[in-house]
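All values below were derived from every heavy atom in this structure, side-chain atoms included, with hydrogens, water molecules and symmetry-related copies excluded. Every chain is numbered from 1, with letters handed out A, B, ... down the list of sequences.
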Amino acid sequence: ETGVTQTPRHLVMGMTNKKSLKCEQHLGHNAMYWYKQSAKKPLELMFVYNFKEQTENNSVPSRFSPECPNSSHLFLHLHTLQPEDSALYLCASSQQGAYSVITDTQYFGPGTRLTVL
Amino acid sequence: RKEVEQDPGPFNVPEGATVAFNCTYSNSASQSFFWYRQDCRKEPKLLMSVYSSGNEDGRFTAQLNRASQYISLLIRDSKLSDSATYLCVVNPRKGGGADGLTFGKGTHLIIQP
């Protein structure tokens, strides 16, 4: 399945590094999301973009900086991360209608497994 | 109270048995509900949406009880391939448009031969 792709799949970085995660969706959707999945914790929403505009920042530290240049691409720029930021970072997309229940299903990419040393 | 609460399990179930999971949610304004399945070290994949009237997809049946704020998933004639973590997911519908989903921690199911 290649509806939502993420690169890289694995990333190891030091606390002083700067890196970026990339997500691309090929589904024609208008909304994209970043989630974080840490061990033994539920998936946590980080950011929401709707028609390229950020509509939600779920109290995410500024060392995570999202960018959405168009409806198909989403980036997560990382700098001066902490070891506790090690997790699986998942991108998702959906086709949003204001009150449409059926079409707001979110489809996930395979994730980037991040390790911060 | 956690926003979406599930029994983490694991549920060890013999092949062919019927197994049921429940989930409770705290936000009474929530508008849409889902079950996702997540295999080890993979991304979550939609199993089924959950509607007030209840819905069935093959061996899987989902129910929603808005009054009690719980969601259930029933798996009949379980297969070895059903072994996975089942995530209860709620869309809080804060204001229309795109909303992030709220996930439970998941219920781990192991089907034994």
Residue A:Phe51 versus chain B: region with a heavy atom under 4.5 Å: neither

Which portion of B:Gln6 sits near chain A, non-hydrogen atoms under 4.5 angstrom: neither

Ring-ring centroid check B:Tyr25 B:Phe33, cutoff 6.0 Å: yes

Candidates B:Val89, B:Asn65, B:Asn22, B:Leu64 - the one meeting side-chain contact (heavy atoms from CB on, under 4.5 Å) with B:Ile71: B:Leu64

Pair B:Tyr36 and A:Phe108, ring centroids less than 6.0 Å apart: yes

Pair A:His29 and A:Tyr107, ring centroids less than 6.0 Å apart: yes

A:Gln6 portion near chain B, given a 4.5 angstrom heavy-atom threshold: neither

Which portion of A:Leu43 sits near chain B, non-hydrogen atoms under 4.5 angstrom: both

